Amino acid sequence: MSEAHRGEKRVGETVTGEIRPSLVVMKFGGTSVEDAKAMLRTAAIVRGRRERGLKPVVVVSAMAKVTDQLLAAAAAAGRGDKNGALAIASRLRNRHLDTAAELLCGDLFTEIRAAICKRFDALDDLLRGIAAVGELTPRTTDKVMSYGERISSQMVAAVFAQHDMNGMHVDARKCIVTDDHFGKAAAQEAAIEAKLTEMVLPLVEAGHTPVLGGFIGSTVEGITTTLGRGGSDYTAALVGGGLRAGAIEIWTDVNGIMTTDPRICPDALRVKTISFEEAAELAYFGAKVLHPATILPAMQKSIPVWVLNSRNAENEGTRITAMAPPCASPFKCIAAKKRLTIIDVVASRMLMSHGYLKDVFDVFDKYHCVIDMVSTSEVSISVTVDSNERLPEICAELSKMADVKLEGHKALICMVGEDIRGRSGISGRVFSAIRHVNVRMISQGASEINMSFMIEESDVDEAVRSLHAEFFQDPDPTVFDTDARVVAAKA
Ligand code: ASP
Ligand code: MG
């Protein structure tokens with residue numbers, strides 16, 4: 001299939017209006033703003049982009065672990081433990097104040113100190129209120145969690161101002177308009193685009209570096225919401241999409257997407273470029289770099305997303321694009337997802353009888369249990385699910401309609417690559433590479449870009465290494481960073 005032909009099926013063609021090639025959205029995760037040192041590293045990276053003539057819009061997460069601690073404070077308050085909640089808030093207040101003191105001086109420090117104190121006073125009041133009523137709602141939880149990003153973004157903007165980068169804080173809640181699904185609010189992209197154009201674009205054009213907190217938004221009525229854990233990447237894609245940025249950079253603490261987990265397989269290589277579809281597939285199967293939904297707003301506008309390492313800024317990272325360049329190797333990555341359980345549902349009543357599958361899936365749905373893989377035969381259906389504490393209840397209900405068998409300690413190996421589309425002989429190579437491993441369930445996703453199968457958890461390391469050796473012996477240098485391997489071989 002020719003590249004041009006392949007492109008036709010892709011998302012990424014709904015682009016309206018011109019892309020702004022010099023505008024770059026740079027998102028920094030919690031570890032990239034975890035302390036004064038990290039914030040300075042972040043400032044240096046953004047400055048580098050400005051010096052290249054680019055116009056950065058920066059999105060930051062809360063300082064590392066802050067969201068977890070805010071959640072813990074909210075939970076303590078919800079239990080009526082006012083002092084416990086306030087103690088957590090007080091430690092957070094000191095951590096932010098100490099970091100600001102290390103980074104800022106003069107008026108900038110005075111201002112930010114006052115701002116931090118004001119926010120934490122309001123947070124204390126909120127926690128006292130929650131403790132007094134002894135009830136924590138999703139709405140107040142979002143409010144509590146929002147402080148992490150609200151404060152980190154203000155601090156980072158001040159650091160940029162201190163370093164002559166014209167940092168300018170923008171309250172993300174004023175731009176990221178969402179519905180009121182607290183805890184995982186849905187973004188309203190048209191409204192967001194309008195707000196960004198009105199509030200952020202003029203700042204960029206005037207030479208400022210706008211800084212927004214990720215993860216947070218608000219309803220049209222102005223009630224604070226959050227986009228779901230890890231939601232700052234999503235904010236970055238929304239901002240990039242809304243402003244039609246030339247690129248979105250996700251700065252994290254890894255060198256980009258790797259062919260597999262380097263802790264399992266030291267030979268793992270950096271993938272230089274990968275398609276949206278492949279990245280989404282990978283994220284679904286447990287690769288922690290990006291969440292698929294996250295990049296959708298960017299994908300729809302064909303904006304390339306880069307995954308980069310803020311501790312190793314020279315590294316080229318991984319570029320995620322709407323369309324994958326051709327690659328001589330069939331697979332891009334091998335992901336493994338552990339802690340899975342296989343549930344076999346065997347019914348004498350015909351599986352294919354009308355409505356039966358629905359009844360089975362309804363049970364999983366009722367317990368909000370996500371199914372990873374399904375395979376069926378005439379009388380049985382096997383599904384794999386993340387091991388979770390509701391499994392006994394699910395099985396009890398399924399037992400009413402069938403014989404049910406559970407097998408734990410399973411793992412899913414998922415091999416992703418657009419270049420397996422329509423190629424033959426690939427599965428033969430896969431299964432002969434791991435012929436010594438017992439394979440339990442096999443599926444080739446409808447997307448035709450992944451092959452996955454279940455094995456025992458204890459076989460994962462061995463299987464991943466064998467597969468990696470089979471498929472990445474002679475990697476295509478246009479897609480994989482083979483230099484690292486050459487350097488290692490010479491050393
Ligand atoms: N701070 C939020 C979280 O920890 C959002 C993010 O980091 O992306 O989930
Ligand atoms: Mg994250």
Side-chain angles (χ1 to χ4, degrees), residues 25-35 38-39 41-42 57-75 88-89 91-93 95-96 99 116 119-120 123 136 138-157 169-173 175-176 178 181-187 192 211-218 224-241 248-254 279-280 283 286-298 305-311 320:
V25 173
M26 306 177 72
K27 179 261 173 177
F28 293 88
T31 53
S32 304
V33 292
E34 65 187 347
D35 53 23
M39 286 197 193
R41 238 180 0 236
T42 290
V57 174
V58 174
V59 173
V60 293
S61 290
M63 294 173 77
K65 306 272 184 308
V66 167
T67 310
D68 289 337
Q69 285 155 16
L70 287 167
L71 266 179
I88 297 172
R91 283 196 294 275
L92 285 174
R93 180 193 293 249
R95 177 172 166 202
H96 285 86
T99 308
I116 292 173
R119 300 275 171 282
F120 276 102
L123 175 64
L136 182 64
R139 175 172 163 168
T140 31
T141 306
D142 272 4
K143 182 97 197 214
V144 171
M145 281 198 292
S146 73
Y147 281 96
E149 269 75 6
R150 286 166 65 191
I151 299 170
S152 67
S153 55
Q154 242 182 321
M155 287 171 65
V156 169
H169 180 246
V170 176
D171 187 343
R173 297 173 304 165
C175 304
I176 305 298
T178 71
H181 191 312
F182 297 105
K184 203 169 181 39
I192 292 172
V211 182
L212 292 84
F215 178 56
I216 56 176
S218 76
T224 300
T225 55
T226 65
L227 301 172
R229 292 304 307 271
S232 297
D233 294 341
Y234 189 32
T235 306
L238 289 167
V239 174
I248 296 170
E249 299 178 350
I250 305 288
W251 288 87
T252 145
D253 54 4
V254 293
K288 290 188 193 61
V289 184
L290 271 180
H291 191 280
T294 283
I295 50 180
L296 204 62
V305 175
W306 294 83
V307 178
L308 295 154
N309 188 350
S310 67
R311 294 175 199 276
I320 306 174

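Below, all heavy atoms of this structure are taken into account, side chains as well, without hydrogens, waters or symmetry copies. The first residue of the sequence shown is numbered 1, and numbering continues consecutively from there. Whatever order the structure lists ligands and atoms in, that order sets their numbers, starting from 1. Here the structure is a predicted model, which means the values were calculated and not measured.
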List every atom of ligand 1 that sits less than 4.0 Å from any heavy atom of [X], numbering the atoms from 1 in the order shown and giving each element.
X	answer
S232	5 (C), 6 (C), 7 (O), 8 (O)
S61	6 (C), 7 (O), 8 (O)
R229	3 (C), 4 (O), 9 (O)

Fill in: ligand 1 to D233 polar contact by distance, N or O atoms, under 3.5 Å
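No; the residue has no nitrogen or oxygen that sits under 3.5 Å from a nitrogen or oxygen of the ligand.
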Discussion item. Any nitrogen or oxygen of G230 lying under 3.5 Å from a nitrogen or oxygen in ligand 1? Just yes or no.
Written reply: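 Yes, G230 has an N/O under 3.5 Å of an N/O on ligand 1.
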Polar contact flag, side-chain donor to acceptor under 3.5 angstrom, [X]-[Y]:
X	Y	answer
S310	R41	no
S32	T42	no
D142	T226	yes

Practice prompt. State, yes or no, whether a side-chain contact exists between M145 and L71 at a heavy-atom distance under 4.5 Å.
Written response: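 Side chain of M145 against side chain of L71, heavy atoms only: contact under 4.5 Å found.
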Worksheet entry | Heavy-atom nearest option to atom 2 (C) of ligand 1, drawn from E149, K27, M63 | E149
Worksheet item: Is it the side chain, the backbone, both or neither of M145 that has a heavy atom closer than 4.0 Å to ligand 1?
Response: neither
Worksheet item: Is the shortest distance from a heavy atom of G231 to ligand 1 less than 4.0 Å?
Response: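 Yes, G231 has heavy atoms under 4.0 Å from ligand 1.
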Worksheet entry | Plane angle bin for F120 and H96 - parallel if under 30°, tilted between 30 and 60°, otherwise perpendicular |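 The arrangement is tilted - the two ring planes meet at 30° to 60°.
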Fill in: Between NE2 on residue H181 and OG1 on residue T225, distance to nearest 0.5 Å
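If we round to the nearest 0.5 Å, H181:NE2 and T225:OG1 are 11.5 Å apart.
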